[in-house]
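Below: one structure, written as structure tokens.
Every chain is numbered from 1, with letters handed out A, B, ... down the list of sequences.
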Amino acid sequence: MDFNKDILKIDCEKESRRIEQFIRKQVFENFRKKGIVIGISGGIDSAVVAALSVRAIGADKVIGLILPEKESNPISAQYAELLIKKLAIYSETVEITPMLESFNTYQKREIIVKKYFPSFNSMWKFRLTMPQNLLEKDRFNISSLEVQNPEGNIESKRLSSKDYLGMVAATDIKQRVRMIMLYYFAEKNNYIVTGTTNVPETMQGFFVKHGDGGVDIEPISHLYKTQVYQMAEFLQVPKEIINRTPSPDTYSFVVSDKELYFCLPYDILDLLLYAKKNKISIDKVGEALNLEKEQIERVFRDFDYKKQATNHLRQLPPVLNIL
Amino acid sequence: MSYINIVKEFIIETFLFGDDRNLQNDTSFLNNGIIDSTGMLELITFLEETFSISIMDDELIPKNLDSINNVNAFITKKLGNDTET
């Protein structure tokens, strides 16, 4: 099988038609519903799915929800509004901070941060990050808690396993609350909810089960991130959204997808994921991407570890008897 | 002194739910799906608390932590170094 840096180039017009057909078929034939609800994050994935949904079933059958909370980057809602205006779809903004406060989401996380940084207060920002040296050396995917004080000084500490799990569980409430709101709007309009997960997120488990993974259809789960960018250009998604660094936008201290989870830029990540999935020889991959055998093997091992660690996210509940 | 039994017992109880599954001392935890990254954090916390040591970020590498033998050698070195200093 051939392998080169352009292997993920797609015919966007053809791909758009294919996805539009899929969306129409799912909404009207499979689910027999009247339209689509989508969470508009201000990022590229939801922008592409929203644009495809409008092309597939019409702007009058697509509802876009903006679901900010107090730690969201303000630019997210601005970009979301930009997209909604361009697509001319109905939208509502629901501030989810009160719901998150009712779960003590912020308090749960602050208690953990204060254990490690006692001076931490609401003026500080924090995030989780992973070591970024995946191509350079063997290491584990162990996250650190990074804080930034109002003077801009950054400090980092490793969390205990209990505190790490507590931090992730509390943070994931954000995506799960958003899922609840999306389904509220879907049910009351007799619509379905569409997801926006792409290949790297699906394969490597970078989504929240019953959060952003809690949806009825996934129209771009077969597209690599660099293909999502190609589609965004084709669909004329606003440049501001295309040029934005991808981020889950769940921590007060802005963190990119790469810093939080993938540890590689998307152009390399996509090609290596493709190579591994399609069993391209290490020699061919190394030649095309100018990487050493050792580097590629290390990344492939990392893919396996992440996939294995997130298997439960992709599983439906096992049942004793299939009805 | 060997720390193999302490580490092995922790691995079997914590990650294999009491079933040793013929766990060998040189079995890679990661490559055999015994421990994932969150589990690795659990192992690190256990080692730090049990042996009263601090494990630095640059020590978080498979050579130190990805098998019972590796952990044993790492702890031996750490405690030896701690004694010297």
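In this structure, the portions of Phe140(A) lying under 4.5 Å from any heavy atom of chain B include both its backbone and its side chain. There is no contact between Asn64(B) and chain A, counting heavy-atom distances below 4.5 Å. Contact of Asp304(A) with chain B is not made at all, since no heavy-atom distance falls under 4.5 Å. For Leu159(A), the part lying near chain B is the backbone, with the side chain staying farther off; criterion is any non-hydrogen pair under 4.5 Å. If you measure heavy-atom distances from Leu43(B) to chain A, you find no contacts under 4.5 Å at all. For Lys306(A), no part sits under 4.5 Å from any heavy atom of chain B, backbone or side chain.
Counted within 6.0 Å of CD on Gln132(A), heavy atoms from surrounding residues, nucleotides or ligands total more than 12; the atom is thus considered enclosed. Counting heavy atoms of neighbouring residues, nucleotides and ligands inside a 6.0 Å radius, atom NZ of Lys307(A) does not exceed 12 of them. For CD of Glu297(A), the number of neighbouring non-hydrogen atoms (other residues, nucleotides, ligands) closer than 6.0 Å is greater than 12. Surrounding NZ of Lys293(A) are at most 12 heavy atoms belonging to other residues, nucleotides or ligands under 6.0 Å away. Other residues, nucleotides and ligands contribute only 12 or fewer heavy atoms inside 6.0 Å of the CG atom of Asn5(B). When the shell of 6.0 Å around CD of Glu292(A) is examined, it contains 12 or fewer heavy atoms from other residues, nucleotides or ligands. No more than 12 heavy atoms of other residues, nucleotides or ligands shown are found within 6.0 angstrom of CD on Glu294(A). Counted within 6.0 Å of NE2 on His222(A), heavy atoms from surrounding residues, nucleotides or ligands total more than 12; the atom is thus considered enclosed.
Using a 4.5 Å cut-off on side-chain heavy atoms (C-beta onward), Arg158(A) and Asp57(B) make contact. Within the 4.5 Å cutoff, no side-chain heavy atoms of Asp66(B) are placed close to those of Asp138(A).
Across all their heavy atoms, Lys137(A) and Ile61(B) have their closest contact at CE-CG2, 4.0 Å. The two residues Ser37(B) and Asn141(A) come nearest to each other via the heavy atoms CB-O, 3.2 Å. Nearest heavy-atom pair, Ser161(A) versus Thr45(B), reported as atom, atom and distance to 0.1 Å: N-OG1, 3.6 Å.
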Would you sort out whether Met40(B) and Ile142(A) count as a side chain to side chain contact (heavy atoms under 4.5 Å, CB included), showing the intermediate values?
CA-CA 8 Å; Met40(B) 193 52 72; Ile142(A) 289 178; 3.9 Å; yes
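Of the listed residues Leu30(B), Ile44(B), Thr38(B), the one with more heavy-atom pairs under 4.5 angstrom with chain A than any other is Leu30(B). By number of non-hydrogen pairs under 4.5 angstrom with chain A, the leading residue of Ile35(B), Ile55(B), Asp58(B) is Ile55(B).
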